[in-house]
Structures are given as C-alpha cells and as structure tokens.
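In this chain, residues are counted from 1 in sequence order. Computed over heavy atoms, backbone and side chain alike; hydrogens, waters and symmetry mates excluded. Just so you know, ligand 1 is whichever comes first in the structure, and atom 1 is the first atom listed for that ligand.
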Amino acid sequence: MAAEWGYSPTNGPDVWARLFPQAGGARQSPVDICTSIASSDSNLEMKKLTFAYESQSDLRILNTGHGWKVEAPQSGSRLEGGPLGEDIYQLEQFHCHWGETSAEGSEHTVDGRAYAGELHLVHWNTTKYQSFAEAAQHPDGLAVLGVFFDVGNESNDEIEKIVSTLSEIKFKGQFTDIPDVIDPTTFLPSGLGYWTYLGSLTTPPCNECVIWIVYKEPITVTEEQVTYH
Ligand SMILES: Clc1ccc(Cc2nnn[n-]2)cc1
Ligand SMILES: [Zn+2]
C-alpha cells in the first residue's frame, strides 16, 4: 500500500525524502522568511505583478485529508510580471493550511513567527507548458500566491463562503459544490508588497517547481474560520 505521508515523527517532513526524493532537494519550501536579509529587487518593482481572475460559482471543494482544496481552473485568469518573467500563469486551484490552534498553522513563517493559517492560490505556466501536471515537472512551472491569515474580530466574507461548506465534507476524499460566486481577487490583501523566492510544493512529492510569491500583509479572519475541526 502506498505509504501515507503526514506530520508524525514516522511519516513527517524529516522522513519524506525516503519516499519522495525531491523532498531532500536544495530549494524546499516552506521557509522562514528572514526580513532582515530579504533584499529588495528594483527589477521586480519595474515589472509590476498583475493578476486577473474570473468570478465562478459551483466550484468543487474537496477534503484533502490535510485541509480543503477548491478546484478552480480558470482559462481566463492571468498572473504575470514581477518575478514571473515574460510568462503567463493561470489559476488551477486554491487551498488552505491551518493548525490545531490559531497560534500556528501557516506554512511559511516570518522571522520565526507563524500565522494562524495560509491560503495558497496555485497557478501554472501556460506560456511554456501544456498542462498543470507537465508544469509541475519544471523549475518555473508553478507560481503560488501565499496569503497569511491573522485572527481578529472581523470574519472574511469570501472565506466564509468556503468554510460554511466544510460540515458537508468532514472526511478525506469527500467533496461538494460551493453554491456562492467566488472571486479569488477578494482573497488578496490591500497592500500588495510581497516576498518571492524559488521553492517547492510544501507537501509530497515536494516538486521543486514553484515560484513563491508571499504577501507581506495578512488578511483577517475569525478564529472559527481558521480552526475548523
Ligand atoms: Cl490541495 C494541496 C496541494 C498542494 C499542497 C502543498 C502545497 N505546495 N505548495 N503549496 N501548497 C497542499 C494541498
Ligand atoms: Zn499549500
């Protein structure tokens, strides 16, 4: 039976490389973002990062066993500029990472600080590759926008449209449709400053195929929205 990877001492990140060789690579994510050594790149400021998304309804949400994933292939979406060179990236899916408590849960940390959760909008390079699967085999194949969740008193209406369906998909492998219209643009913070680096998928098979773009400004959600059990 295929080994189940996870986060315990016997199947967690320290042993992933035994079954998934890329997990032992030199550009593995997530990382701790050390703000004192992050350098600003004037080139990035010249080539503004731009995004355009469609609003979609009836998107399918899946319980992955490690969180939820919304399948949102959008042929009309475009993410380009900034660290992405001349290539255009298209939205494929978005998903969330969170923890048992709101004290932790994000994949990336900033100067050692974890956030309550982290939303990932996963895109693939449609300029160079013919499919998401093919793109995930190349160092510039994917671009993932990371947005940190901070817990506060204000609930996030767009996230609520998603987490309000989780009671229908309590178990791994279950899926349902989100009736509401979802606009991925609303997940992004108002301040669009970001850190970027060349990394990988953060879970097996840990392909080193991701250009990471992690927004500096978190979005606010409530405790209930990010500690769903
Ligand atoms: Cl659905 C899903 C897909 C990928 C990952 C891992 C990941 N890699 N890069 N960002 N997230 C987690 C859940
Ligand atoms: Zn992720």
May I ask you to identify the nearest protein heavy atom to [atom], giving residue, atom name and distance to one decimal place in Å?
| atom | value |
| --- | --- |
| atom 8 (N) of ligand 1 | T202 N, 2.9 Å |
| atom 5 (C) of ligand 1 | T203 OG1, 3.6 Å |
| atom 11 (N) of ligand 1 | H95 NE2, 3.0 Å |

**Prompt:** Are side-chain heavy atoms of D58 and I178 found at a separation under 4.5 Å?
**Reply:** no
**H66 and ligand 1 - part of the residue with a heavy-atom distance under 4.0 Å** = neither
**Request:** Could you see which bit of W212 sits under 4.0 Å from ligand 1, with heavy atoms only: side chain, backbone, both or neither?
**Result:** side chain
**Prompt:** What is the name of the N/O/S atom in H95 that sits closest to the Zn ion (ligand 2)?
**Reply:** NE2
**Item:** the Zn ion (ligand 2) - closest N/O/S atom in H120
**Value:** ND1
**Message:** I'd like to know whether the aromatic ring centres of Y7 and W16 sit less than 6.0 Å apart in this structure.
**Reply:** yes
**Asked** Any donor and acceptor pair, going by atom type alone, linking the side chain of T127 with main-chain N or O of I88 inside 3.5 Å?
**Response** yes
**Asked** Among Q93, E107, H97, whose heavy atom sits nearest atom 3 (C) of ligand 1?
**Response** Q93
**Request:** Compare E71, H120, E92 and give the one whose heavy atom is closest to atom 10 (N) of ligand 1.
**Result:** H120
**Item:** Minimum-distance pair of heavy atoms, taken over all atoms of S29 and W212
**Value:** OG-NE1, 3.0 Å
**Option from Y89, Y53, Y129 for which ring-ring contact (aromatic ring centres under 6.0 Å, His included) with H123 holds** = Y53
**Complete:** Note: ligand 1 atoms sitting under 4.0 Å from heavy atoms of K69 are 1 (Cl)
**Prompt:** Looking just at side-chain N and O atoms, do S8 and N11 make a donor-acceptor pair shorter than 3.5 Å?
**Reply:** yes
**Asked** Does NZ or CZ of R18 come closer than 6.0 Å to the centre of the six-membered ring of F20, within 45° of the ring's axis?
**Response** no
**Item:** Flag if over 12 foreign heavy atoms under 6.0 Å of OH, Y197
**Value:** yes
**Request:** Could you say whether the N/O atoms of T64 and ligand 1 ever approach to under 3.5 Å?
**Result:** no
